[in-house]
Amino acid sequence: MPESETENLGFDPDALREKYRIERDKRLRSDGNDQYLEVAGDFSDYVDDPYVTETLNREPLQDEVDVVIIGGGFGGLITGARLRESGMDSIRMIEKGSDFGGTWYWNRYPGAACDTEAYIYLPLLEETGYMPTEKYAKAPEILAHSQRIARHFDLYRDACFQTEVTELKWEEQTARWIIHTNRGDAMRARFVVMSNGPLNRPKLPGIKGIDSFEGHTFHTSRWDYEYTGGGPDGNLEKLGEKRVGVIGTGATAVQCVPYLGASAKELFVFQRTPSSVDVRDDRPTDPEWAKNLGPGWQRERMENFNTLTSGGVIEEDLVQDGWTEIIRNLISMANYRGKGLDRGEIARLMELADFQKMEQIRARAEEIVKDPEVAESLKPWYRQFCKRPCFHDEYLPTFNRDNVTLVDTEGKGVEQITPNGVIAGGREYQLDCIIFATGFEVGTDYTRRAGYDVIGREAIRLSEKWQDGMRTLHGLHTRGFPNLFIVSNGQAGFTTNFPHSMDETARHIAYILDQCADGNITTIEPTQDAEDAWVEEIIRLSRINDGFQEACTPGYYNNEGKPDPRSAQNSSYGKGPNPFFRLMKEWREEGSMQGLEFN
Ligand code: NDP
């Protein structure tokens, strides 16, 4: 790079690139995803439901409904809502929790909240007549909204809670799905919607001795308030005499660590890789603003956000949150529009803009954290989208507390768990409690994460069909599995604002089921040609940028630093969310259900 160009930057791009490489190399490991333990067998206690108030006792079901929706999180709820709007009466939701909410049912840890603005994240606001109380909703408000949606659209009727699907099997003679569950059900449905959620299966690190610890342990997605005391707002009074360790420093830890720091006698945060932690700046909803919103405001706002976060140009940024700011800044700092630059030059300018943003994030750690050595440890050395960016105003100051210790494992992670605590950097930390903030399975196979296999026509299993990668039409249908719909990001539209893409999928499903309502259609599934063409298109448009991913520090965004040949095939629609949503709309408007075969 010419010296004239770098001298005003305040940093040396070559030195930063080298530093990023060194930090990534420290963390690369040959076992990739296999470093984590499946939460099953001896570890299955970790996924027991601590929130259930009354254990359900019911007879097994062998009846029939029109539609079974698996998953009572936003994906299932929005689909149920859109189906109700289109007049569908016979809907049964199956959910393993004891109520609706999905992610927000499970993640009740102190401080849990959503980083995406509530006015676009909480679905169906205009339909349910609800206005969030703050720009960034906290978990209890989101959970309550999930239940509001279920009540509003009458989805509690016939719902099966505390029920886990164990197998889905297609019965050719009757053209029905048989849904087997852990409660002995063998219910039947004409259509099934699978909305299992992208991050539903907690994972534990495969640390030596993990089963030897004699103190108390739990995963953040099954918070044990009986042990900690307090609630989602903190005041974890039972920790006042406890030495607590948190393993992991991702988006979840960033939110719960301040509450643990405020309550525990001593807190040790075991860090392998620091998160980038930018400004949060939450504020209450302005009632005047809310009063003056016109009909259709939520959709307009969601689309505005999508356009901006997928790199589109739009005059006004309605949301103005951390996400739109990141992308706006990257683009404006790189300032490439209209200059006729080639791809290489654009990539170089984007990298510079990224360096600049991450320099700000690192400077923030230095400004806030008093101990320079601790501040240094909290600086992330990678490009911003290598990991999930975080936004929080209390996380970094927590490390100024006398009772809080950051244990920087220098990229190595915890070495061992002993009956008394944790060994890191060759030193044993005596602990009463270990909290695993180690996230959820992402790169493992779809059916493993779903927790059940799907057996379609001619006994073909979904796990086998997809062993070399997903095969779908529009991410929604897969040949050999008639009348089955998949709500997922893979081979479909992806946006940071997940509920938006779920809503688009839900509308699409409602449209298709409406076409099947007159009784002339018994089964629908994609043609082989349509499915093959879609898979090819997904691979062709894939934005999986191997160079970028490879240079990234390991994490679930890049399959723990181990390139996966299936990544391009399993990726989302490469032209971005809005073009995907437009494509789906045009498909519906065309009216012939192109690519689907029906009998
Ligand atoms: P993540 O997968 O993001 O983080 C897991 C953490 O565990 C990482 O810091 C990881 O380190 C660490 N870890 C794993 N193994 C070890 C080990 N052996 N020793 C020490 N540390 C270890 O999980 P989260 O639950 O934090 O977040 C998951 C996702 O959920 C987020 O990415 C986000 O999409 C969503 N989320 C959103 C929130 C929001 O809206 N604010 C809040 C919370 C979650 P390393 O980085 O080195 O792998």
Side-chain angles (χ1 to χ4, degrees), residues 23-24 26-29 31-37 102-104 106-118 121-122 136-139 142 197-210 219-223 245-257 268-278 280 282 321-323 378 380-382 385-392 395 406-417 422-425 434-443 489 494 496-499 552-562:
E23 292 291 331
R24 176 206 59 182
K26 269 190 209 169
R27 292 169 172 84
L28 279 178
R29 41 194 291 163
D31 50 2
N33 267 318
D34 293 337
Q35 69 181 284
Y36 292 105
L37 288 178
T103 291
W104 302 101
W106 298 109
N107 287 283
R108 301 187 191 196
Y109 57 84
C114 184
D115 282 347
T116 305
E117 188 202 64
Y121 180 79
L122 292 198
Y136 299 104
K138 300 198 171 61
I142 309 178
L199 296 161
N200 87 84
R201 219 177 143 81
K203 64 178 163 47
L204 294 172
I207 301 169
K208 190 170 139 203
I210 185 168
H219 186 272
T220 48
S221 68
R222 305 288 188 275
W223 196 271
V246 174
I247 300 186
T249 49
T252 297
V254 165
Q255 292 187 331
C256 66
V257 156
F268 297 89
V269 181
F270 296 92
Q271 171 183 281
R272 191 164 67 178
T273 311
S275 282
S276 74
V277 187
D278 208 346
R280 173 67 144 185
D282 195 7
D321 72 348
W323 297 102
L378 286 162
W381 298 100
Y382 46 80
F385 281 98
C386 285
K387 280 200 178 282
R388 168 76 156 59
C390 298
F391 309 91
H392 212 285
Y395 177 72
L406 179 74
V407 182
D408 181 0
T409 66
E410 300 267 342
K412 301 263 175 297
V414 164
E415 279 153 40
Q416 192 177 338
I417 295 182
V422 158
I423 301 183
I434 301 175
I435 301 174
F436 291 99
T438 43
F440 304 87
E441 288 194 16
V442 176
N489 296 321
F494 170 80
T496 306
N497 184 21
F498 283 1
C552 273
T553 188
Y556 79 78
Y557 278 19
N558 67 351
N559 202 42
E560 302 299 334
K562 233 183 158 180

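We count ligands from 1, going down the list as the structure has it; atoms in each ligand are counted the same way. Being a predicted model, the structure only gives us computed values, none of them experimental.
The atoms of ligand 1 that sit less than 4.0 Å from any heavy atom of G413 are 19 (N), 20 (C). If you number the atoms of ligand 1 from 1 as listed, the ones under 4.0 Å from a heavy atom of F440 come out as 25 (O). Less than 4.0 angstrom separates some heavy atom of P205 from each of these atoms of ligand 1: 15 (N), 18 (N). Ligand 1 places these atoms under 4.0 Å from at least one heavy atom of I247: 19 (N), 20 (C), 21 (N).
P205 and Y36 get closest at one heavy-atom pair: CA-CD2, 3.8 Å. Considering every non-hydrogen atom in both C390 and A251, the closest pair reads SG-CA, 3.7 Å. Closest approach of E415 to A424, counting heavy atoms only: OE2-C, 3.7 Å. In terms of heavy atoms, E117 sits closest to D321 at N-OD2, 4.0 Å. Summarising the geometry of I417 relative to I247, their closest heavy-atom pair is CD1-CD1, 4.3 Å, with the distance given to 0.1 Å. The nearest pair of heavy atoms linking P380 to S276 is CG-CA, 3.8 Å.
Taking the six-membered ring for Trp and the full ring otherwise, H219 and F440 have centroids separated by under 6.0 Å.
Contact annotation: R27 has no heavy atom less than 4.0 Å from any atom of ligand 1. At least one heavy atom of C114 sits less than 4.0 Å from an atom of ligand 1. Residue contacts with ligand 1 do not include Y121, since none of its heavy atoms lies under 4.0 Å from the ligand. Heavy-atom separations between K412 and ligand 1 are all 4.0 Å or longer.
Contacts between A113 and ligand 1, counted as non-hydrogen atom pairs separated by less than 4.0 Å, involve the backbone only. Only side-chain heavy atoms of K387 come within less than 4.0 Å of ligand 1; its backbone N, CA, C and O stay farther off. Residue-level proximity to ligand 1 for L199 is carried by the side chain, the only part with a heavy atom below 4.0 angstrom. Contacts with ligand 1 closer than 4.0 Å are made by no heavy atom of F436, backbone or side chain. If you look at Y36 next to ligand 1, the close heavy atoms, those under 4.0 Å, all belong to the side chain. When heavy-atom distances to ligand 1 are checked against a 4.0 Å cut-off, A437 comes that close only through its backbone atoms N, CA, C and O.
Here the protein heavy atom with the shortest distance to atom 1 (P) of ligand 1 is G439 CA, 4.1 Å. Atom 12 (C) of ligand 1 has its closest protein heavy atom at G248 CA, 3.5 Å. At the top of the distance list for atom 4 (O) of ligand 1, counting protein heavy atoms only, stands G250 CA, 3.8 Å. Atom 47 (O) of ligand 1 has its closest protein heavy atom at T273 OG1, 2.6 Å. The single protein non-hydrogen atom nearest to atom 25 (O) of ligand 1 is T252 OG1, 2.6 Å, given as residue, atom name and distance. Nearest to atom 32 (O) of ligand 1 among the protein's heavy atoms is Y556 OH, 2.6 Å. When only non-hydrogen protein atoms are considered, atom 39 (C) of ligand 1 lies nearest to R388 NH2, 3.3 Å. Annotation: atom 19 (N) of ligand 1 to nearest protein heavy atom, V414 N, 3.2 Å.
Taking 4.0 Å as the cut-off between side-chain N and carboxylate O, K26 and E410 count as a salt-bridged pair. Salt bridge present: D115 and R388 bring a charged side-chain N and a carboxylate O closer than 4.0 Å.
Across the listed options R280, K203, Q35, R272, R272 owns the non-hydrogen atom lying nearest to atom 16 (C) of ligand 1.
Partner of V269 under the side-chain contact (heavy atoms from CB on, under 4.5 Å) criterion, chosen from I435, L406, L378: L406.
Side chain of T438 to backbone of G248: no donor-acceptor contact under 3.5 angstrom is found. At distances below 3.5 Å, not a single donor-acceptor pair connects side-chain atoms of K387 with backbone N or O atoms of C552.
The shortest distance between side-chain heavy atoms of Y382 and T273 falls below 4.5 Å. Side-chain contact between F436 and I210 is present, with heavy atoms from C-beta onward closer than 4.5 Å.
Not a single N or O atom of Y109, backbone or side chain, sits closer than 3.5 Å to an N or O atom of ligand 1. By the 3.5 Å distance cut-off applied to N or O atoms, Q271 is not counted among the residues near ligand 1. For ligand 1, the polar-atom distance check against T116 finds no nitrogen or oxygen pair separated by under 3.5 Å. By the 3.5 Å distance cut-off applied to N or O atoms, T249 is counted among the residues near ligand 1. Annotation: A251 places an N or O atom under 3.5 Å from an N or O atom of ligand 1; distance criterion only.
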Practice problem: Go through the steps for N497 and Y121 under the test side-chain contact (heavy atoms from CB on, under 4.5 Å), then give the verdict. | Solution: CA-CA 6 Å; N497 184 21; Y121 180 79; 3.6 Å; yes

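Y109 and Q255 form a side-chain donor-acceptor contact under 3.5 Å, judged by distance and modelled atom types alone.
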